[in-house]
Amino acid sequence: MKLLIVTVVEQYEEAILELFKKANIENFSGSEIDGYKQQTSVLITSNWFPGVKGGVESSLFFSFTEDEKIDSLFNLIQVFNEKLVTNNPIRAIVVPIERSI
């Protein structure tokens with residue numbers, strides 16, 4: 001069993017839920033998050049309202065699941081990301097679980 005963590009911009013939330021379904025990952029949790037990218041100092045100084053929140057509405061999902069399902073999901077995500085025209089791909093990582101109760 002491993003910990004799967006996936007982040008997506010809000011625009012792709014329905015897509016990742018469908019990919020989870022296709023990969024037979026039925027048990028997972030999710031949360032709304034704000035995504036950030038570091039801006040260059042030129043962009044920051046040119047901002048009219050530098051104190052305004054600049055995060056992108058995103059979602060984070062995680063699941064404790066088996067390798068086979070993770071492999072399937074990664075393949076599905078790779079195909080999905082290859083077709084994107086934006087610079088906001090679905091991101092996924094896997095963390096091994098050393099112990100659990």
Side-chain angles (χ1 to χ4, degrees):
M1 182 180 309
K2 294 185 179 172
L3 172 59
L4 168 69
I5 302 171
V6 178
T7 60
V8 298
V9 292
E10 184 180 47
Q11 177 181 357
Y12 303 136
E13 187 172 312
E14 287 185 32
I16 193 60
L17 295 175
E18 184 62 31
L19 296 181
F20 273 127
K21 185 176 180 179
K22 288 180 180 178
N24 294 316
I25 298 174
E26 298 172 351
N27 299 316
F28 57 89
S29 298
S31 181
E32 293 179 3
I33 60 172
D34 291 325
Y36 295 89
K37 288 186 180 182
Q38 294 293 339
Q39 297 179 353
T40 64
S41 59
V42 173
L43 291 176
I44 291 172
T45 58
S46 67
N47 188 347
W48 282 95
F49 305 101
V52 173
K53 182 177 147 182
V56 175
E57 292 182 11
S58 303
S59 297
L60 179 136
F61 296 94
F62 66 93
S63 176
F64 296 96
T65 193
E66 298 82 25
D67 285 334
E68 304 80 39
K69 293 179 180 181
I70 292 171
D71 291 341
S72 176
L73 181 68
F74 268 60
N75 290 331
L76 292 165
I77 290 173
Q78 183 174 0
V79 169
F80 181 86
N81 285 343
E82 288 172 355
K83 297 177 183 177
L84 288 180
V85 293
T86 68
N87 192 22
N88 294 309
I90 295 175
R91 306 270 186 196
I93 64 166
V94 176
V95 181
I97 305 297
E98 291 185 26
R99 294 177 68 182
S100 66
I101 286 186

Mind checking who shares a hydrophobic cluster with V79, ILVMFWY linked at side-chain heavy-atom distances under 4.5 Å?
none
Test question: given the 4.5 Å side-chain rule for I, L, V, M, F, W and Y, name all other residues clustered with F64, or answer none.
M1, L3, I5, I33, L60, F62, I93, V95, I97
For V94, check side chain to side chain contact (heavy atoms under 4.5 Å, CB included) against everything at least two apart and list the hits.
K2, L4, I70, F74
Non-hydrogen side-chain atoms of L73 and T65 separated by less than 4.5 Å:
no
Sequence neighbours excluded, the answer for side chain to side chain contact (heavy atoms under 4.5 Å, CB included) partners of N81 is I77, L84, P89, I90
Listed by chain and number, what are the side chain to side chain contact (heavy atoms under 4.5 Å, CB included) partners of E10, not counting sequence neighbours?
E57
Counting heavy atoms not belonging to E82, are there more than 12 under 6.0 Å from its CD?
yes
For Q11, enumerate each residue passing the side chain to side chain contact (heavy atoms under 4.5 Å, CB included) test, keeping only those at least two apart in sequence or located in another chain.
V9
Not counting sequence neighbours, list each pair that qualifies as a side-chain hydrogen bond (donor to acceptor under 3.5 Å, both in side chains) and has a residue in residues 90-101.
none
Check residues 12-27 and write down every donor-acceptor pair under 3.5 Å in which the side-chain atom is one partner and the other belongs to a residue at least two apart or another chain.
residue: Y12; atom: OH; partner: T86; partner atom: OG1; Å: 2.9
residue: E13; atom: OE1; partner: S59; partner atom: OG; Å: 2.6

